[in-house]
Amino acid sequence: DVQLQAYGGGLVQAGRSVRLSCAASGFTFDDYTVGWFRQAPGKEREGVSCISSSVGRTYFADSVKGRFTISSDNAKTWVYLQMNRLIPEDTAVYYCAARPGLAIATSVRNQNEYDYWGQGTLVTVSS
């Protein structure tokens with residue numbers, strides 16, 4: 001079975017950093033696009049970032065550019081979202097998702113592209 005598992009949420013103070021991890025089970029992320037999405041309380045889910053590890057292609061939402069980075073391990077079984085200089089507006093449940101093929105610019109926000117989803121992990125940023 002293809003499964004995704006997200007790790008790393010918690011409570012953090014504004015200005016600090018958190019790293020989220022997304023693990024693949026039953027496949028590797030090679031030749032896949034992996035995206036991170038988030039849903040804040042009372043808001044719709046939105047795209048944060050995505051990566052195609054095989055070609056090193058990454059995209060970021062404007063709201064996180066310059067603060068977040070995305071990467072994968074050499075084995076292409078983990079994808080990491082490093083979130084720096086967190087602000088209270090980053091508070092949300094974060095989800096990782098995956099689909100075959102390379103990312104394009106719209107992949108960072110087009111949730112319908114993704115076939116597989118992990119459970120969410122809550123990140124709460126206190127002011």
Side-chain angles (χ1 to χ4, degrees):
D1 281 352
V2 171
Q3 291 186 346
L4 299 176
Q5 182 82 24
Y7 301 90
L11 175 64
V12 62
Q13 287 185 323
R16 305 297 290 269
S17 300
V18 163
R19 187 176 80 162
L20 303 183
S21 304
C22 179
S25 176
F27 73 114
T28 70
F29 290 136
D30 206 15
D31 297 326
Y32 276 71
T33 290
V34 178
W36 284 96
F37 296 82
R38 68 185 182 185
Q39 187 165 21
K43 295 187 177 180
E44 294 186 353
R45 190 161 59 187
E46 63 177 5
V48 176
S49 181
C50 65
I51 184 171
S52 294
S53 304
S54 60
V55 296
R57 186 178 297 173
T58 61
Y59 295 97
F60 296 90
D62 289 343
S63 58
V64 306
K65 278 181 183 175
R67 299 189 299 122
F68 291 10
T69 61
I70 189 169
S71 62
S72 67
D73 69 326
N74 290 335
K76 306 293 191 295
T77 57
W78 290 88
V79 166
Y80 307 104
L81 183 69
Q82 179 68 40
M83 305 190 295
N84 301 321
R85 303 202 310 275
L86 285 160
I87 60 178
E89 290 75 15
D90 293 320
T91 294
V93 177
Y94 285 74
Y95 301 87
C96 62
R99 64 145 176 88
L102 298 179
I104 56 177
T106 56
S107 299
V108 72
R109 60 180 181 271
N110 188 5
Q111 303 176 44
N112 293 332
E113 289 185 14
Y114 294 84
D115 300 312
Y116 309 107
W117 289 81
Q119 92 297 349
T121 185
L122 176 63
V123 175
T124 303
V125 183
S126 63
S127 58

Check: Val125 main-chain N/O paired with Thr91 side-chain donor or acceptor under 3.5 Å: yes
For residues Ser126 and Leu11, determine if any side-chain heavy atom of one lies less than 4.5 Å from a side-chain heavy atom of the other. yes
Any heavy-atom pair between the side chains of Val2 and Ser25 that's under 4.5 Å? no
List for me each residue that meets side chain to side chain donor-acceptor pair (under 3.5 Å) alongside Arg16, sequence neighbours excluded, and say none if there are none. none
Answer whether the closest heavy-atom distance between the side chains of Gln82 and Ser17 falls below 4.5 Å. yes
Hey, is Glu46 close enough to Arg38 for a salt bridge, meaning N to O under 4.0 Å? yes
Just so I know, are the side chains of Val48 and Tyr94 near enough to count as touching, which here means a heavy-atom distance under 4.5 Å? yes
Let me confirm one number: the CZ-CG distance from Arg99 to Asn110, rounded to the nearest 0.5 Å. 8.5 Å
Does the ring centre of Trp117 sit less than 6.0 Å away from the ring centre of Phe37? yes
If you define the side chain from C-beta out and look only at heavy atoms, does anything of Thr33 sit under 4.5 Å from Tyr114? yes
Walk me through whether Leu20 and Thr121 qualify under side-chain contact (heavy atoms from CB on, under 4.5 Å). CA-CA 8 Å; Leu20 303 183; Thr121 185; 4.1 Å; yes
When rounded to the nearest 0.5 angstrom, what is the spacing between CG in Asp115 and CG in Leu4? 10.5 Å
Leu102 side chain reached by Val55 side chain, heavy atoms, under 4.5 Å: yes
Below 30° counts as parallel, above 60° as perpendicular, anything between as tilted: where do the rings of Phe29 and Phe27 land? perpendicular
Any donor and acceptor pair, going by atom type alone, linking the side chain of Arg85 with main-chain N or O of Gly66 inside 3.5 Å? yes
With Arg45 as the cation and Tyr95 as the aromatic partner, state whether NZ or CZ is under 6.0 Å from the six-membered ring centre and within 45° of the axis. yes
Can you tell me how far the NZ atom of Lys76 sits from the OG1 atom of Thr28, to the nearest 0.5 Å? 8.5 Å
Show your reasoning for whether side-chain contact (heavy atoms from CB on, under 4.5 Å) applies to Arg67 and Asp90. CA-CA 11 Å; Arg67 299 189 299 122; Asp90 293 320; 2.7 Å; yes
Separation of Ser52 OG from Asp31 CG (nearest 0.5 Å): 9.5 Å
How many angstroms lie between atom CD of Gln111 and atom CD of Gln39, to the nearest 0.5 angstrom? 8.0 Å
With side chain to side chain donor-acceptor pair (under 3.5 Å) as the test, would you mind laying out the steps for Ser107 and Glu113 before giving the verdict? CA-CA 7 Å; Ser107 299; Glu113 289 185 14; 2.9 Å; yes
Option from Val108, Val79, Thr69, Leu81 for which side-chain contact (heavy atoms from CB on, under 4.5 Å) with Ile51 holds: Val79
Take Tyr80 and Tyr7 through the side-chain contact (heavy atoms from CB on, under 4.5 Å) test and state the conclusion after the steps. CA-CA 9 Å; Tyr80 307 104; Tyr7 301 90; over 6 Å; no
Ring-ring centroid check Trp36 Phe60, cutoff 6.0 Å: no
